[in-house]
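Scroll down for the structure; my scribbles are underneath it.
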Amino acid sequence: GESRVCVVVESGVDGEVCGGCYQTLTTQMMNLLYLSKQLFCKSSAALHYLREGHGADMDSPELVSALLAFYEKRYDDALASARLARIETPWLYESLSLEGDVHEQLAIELQERGEYEAALRGYENALEAHRAAADVGRSDPAVYTSLCGLDGAIMRMELQSTARDVAPYFERGTARCERALEAAPGDLDALLALAALHNHMGQYLRVKNEDPRKHFERSIELAKKSLEGRADHRAHGSIATALMEIGFFEQERGNDPREHLRRAAEAHEDRIALEPDDVAYNDLGTVHKRIAVFERNRGDDPRESLRRAIDAYRESLERNPVQVAASTNLGTAHYDLALWEMDHGENPVPSFESAIAALRSAEKINPNQIVALYNLGRVYSDQAWYVRGRGEDPRSLLDEASDAFRRAIDVNPESAYVPHFYSGLGSALDSRAHYEWDTGQDPTATLARAIDAYRQAVASNPNHVYSQS
């Protein structure tokens, strides 16, 4: 048949595949071309375009309007036009897929604002639309990959926010990805979606103090398979995430994580070479930060690793200033630097203040981000300990710490992280009570609140040793 897509890679013409990386162009990529949009292949540095006149081949003008509205971020118009397209051409399941894509994008925006329950409803709307698309387009593996990707997106949100049980999403998503791979063995998107599911499941098991390594190792296998004969930055990112998580797990058990973390950093560098975006730099910073934590815990100087982490986080924020992840991570890197300075007789106050500024920035973007709130509480608590040692009044800092821990608890009292929040709250109140006692004040009420916080920590996790002691 006639070639419909031309790829400017030494004048190669390859049908509906990229002549640079030989990846099949998805329905959404083809729709962009139908709309006369330029499409740039990040894997091969190739520019795709559609031969003149082929835009008229689309079965539904309303779907064209819906696509245009979606890419211009006019989401209400996109949904309205997609629904009209579905009425006009009921067999055209792409209109249902587009409805799912719109709902997913709306859910992502709600998630970024910390509106997690509303975001979950948005993801469920997206799932409903893609399920309907799968009922019509049963032979298209892309519809099952989309469903699998949505299960992964929900898992990621739950891990970053509520830490509820994600196993049902993992099992459902795995079945969907495997169905896509049965229809199209070796499909890049399906392999990477399945790799992401295994990474998320491994992260969940780590939170529960269970061995996650089989999931991370499976993720690496899938990502490496996706790279056979092609290049894709997402695959390198998936490999880096799995290696990094294995390193974290080894470190948490007192083992040397540096070999896994070094390999993770190399994978991130490969990823950045293909796609130097904010996420890649944020993840690279996280690897360097964990190396620094290991160095500090064994008595080595971690400052060089911390500076590399801080530089990577700043590079990430240069590319996207409005993101919680890099702001939170930048704050914790400055916090780690402050702890080292405090332990070695240097002035940690500038590092504490930089940590607080970065974490406050994360909090401003998303007031319900529990990781940012928890670390904010820790920073204030340790800065309070430092100023108390200098004979200064720590109470305002301890009150800020208590407030941060309380707000983390209020976001979701059922979170798997909540014992840590109650323990942090108890510690801050305990320190305040000690200061009150030492300065001739009555600490009884503050001690009672501290004991209550510790009891809540034990009630939420009886194995929480620190709170028991």
Among residues at least two apart in sequence or on other chains, which ones pass ring-ring contact (aromatic ring centres under 6.0 Å, His included) with His103?
none
Looking at Pro367 and Leu373, what are the two nearest heavy atoms and their distance?
O-CD1, 3.6 Å
I'd like to know if the side chain of Asn375 reaches the main chain of Val371, judged simply by a donor and an acceptor atom lying under 3.5 Å from each other, with no hydrogens or angles considered.
yes
Show me the pairs that pass ring pair (Phe, Tyr, Trp, His ring centres under 6.0 Å) and involve residues 206-226, at least two apart or across chains.
Phe170-His215, His198-His215
Side-chain polar contacts of residues 246-255 - donor-acceptor pairs under 3.5 angstrom, sequence neighbours left out - could you list them?
| from | atom 1 | to | atom 2 | distance (Å) |
| --- | --- | --- | --- | --- |
| Glu250 | OE1 | Asn255 | ND2 | 2.8 |
| Glu250 | OE2 | Arg213 | NH1 | 3.2 |
| Glu252 | OE1 | Arg206 | NE | 3.3 |
| Glu252 | OE2 | Arg206 | NE | 3.3 |
| Glu252 | OE2 | Arg206 | NH2 | 2.3 |

From CA spacing to verdict: salt bridge (Lys or Arg N to Asp or Glu O under 4.0 Å), Glu217, Lys214
CA-CA 5 Å; Glu217 288 161 2; Lys214 68 176 183 180; over 6 Å; no
To the nearest 0.5 angstrom, please state how far the CG atom of Leu194 sits from the CD atom of Glu221.
10.5 Å
Please find the pair of heavy atoms, one from Ala362 and one from Ala372, that lie closest to each other, and give the distance.
CB-CB, 4.0 Å
Leu205 side chain reached by Val207 side chain, heavy atoms, under 4.5 Å
no
Donor-acceptor pair between Tyr116 and Asn366 side chains, under 3.5 angstrom:
yes
Taking only residues at least two apart or on different chains, which pairs with a member in residues 303-346 satisfy ring pair (Phe, Tyr, Trp, His ring centres under 6.0 Å)?
Trp340-His344
Under 3.5 Å: donor-acceptor pair, side chain of Asn282, backbone of Asp278:
no
Where the side chain of Ser460 meets the backbone of Ala457, is there a donor-acceptor pair that is under 3.5 Å apart?
yes
Partners meeting ring-ring contact (aromatic ring centres under 6.0 Å, His included) with Tyr380 (sequence neighbours left out):
none
d(Ser238 OG, Arg234 CZ) to nearest 0.5 Å is 10.0 Å
Determine whether a donor-acceptor pair (N or O, by modelled atom type, separation under 3.5 Å) exists between the side chain of Arg449 and the backbone of Ala445.
no
Between Gln105 and Glu109, is any pair of side-chain heavy atoms under 4.5 Å apart?
yes
State, with a plain yes or no, whether a side-chain heavy atom of Ser316 is found less than 4.5 Å away from one of Gln323.
yes
When you measure from the side chain of Ser361 to the backbone N and O of Ala357, does any donor-acceptor pair fall under 3.5 Å?
no
Derivation and outcome, salt bridge (Lys or Arg N to Asp or Glu O under 4.0 Å), residues Arg307 and Asp311
CA-CA 6 Å; Arg307 290 188 184 109; Asp311 287 345; over 6 Å; no
Donor-acceptor contacts, no H, no angles, side chain residues 118-132, under 3.5 Å, sequence neighbours left out:
| from | atom 1 | to | atom 2 | distance (Å) |
| --- | --- | --- | --- | --- |
| Tyr123 | OH | Gln111 | OE1 | 2.7 |
| Asn125 | ND2 | Arg121 | O | 3.4 |
| His130 | NE2 | Asp101 | OD1 | 3.4 |

Restricting to non-hydrogen atoms, name the atom on Ala401 and the atom on Gly377 that form the minimum distance, rounded to 0.1 Å.
CB-O, 3.4 Å
How long is the span from the NE2 atom in His434 to the OG1 atom in Thr446, to the nearest 0.5 Å?
12.0 Å
Leu243 side chain near Ile220 side chain, heavy-atom distance below 4.5 Å
yes
Atom of Ala384, atom of Pro394 and distance for their closest heavy-atom approach:
O-CB, 3.5 Å
For residues Leu306 and Ala333, report the shortest heavy-atom separation together with the two atoms involved.
CD2-O, 3.8 Å
State, yes or no, whether a side-chain contact exists between Met342 and Trp385 at a heavy-atom distance under 4.5 Å.
yes
With a 4.5 Å limit on heavy-atom distance, are the side chains of Glu295 and Glu304 in contact?
no
Is any side-chain heavy atom of Thr241 less than 4.5 Å from a side-chain heavy atom of Ser219?
no
Residues Asp403, Arg407: salt bridge by 4.0 Å N-O rule:
yes
Give a yes or no on this: more than 12 heavy atoms of other residues, nucleotides or ligands lie within 6.0 Å of atom CG of Asp76.
no
In the structure I gave you, are the side-chain heavy atoms of Arg388 and Leu398 within less than 4.5 Å of one another anywhere?
no
OG/Ser327 to CD1/Ile365 distance, rounded to the nearest 0.5 angstrom?
4.5 Å
For the pair Arg271 and Glu275, find out whether any cationic side-chain nitrogen is under 4.0 Å from an anionic carboxylate oxygen.
no
Might you point out which heavy atoms bring Leu159 and His200 nearest each other, and give the distance in Å?
CD1-O, 3.4 Å
Quick check against the 3.5 Å criterion: does Arg298 have a side-chain atom that pairs as donor or acceptor with the backbone of Asp256?
no
Give a yes or no on whether the backbone of Ser423 and the side-chain of Ser427 come within a donor-acceptor separation of less than 3.5 Å.
no
Taking Glu318 first and then Arg314, would you say they form a salt bridge - that is, a charged N and a carboxylate O separated by under 4.0 Å?
no
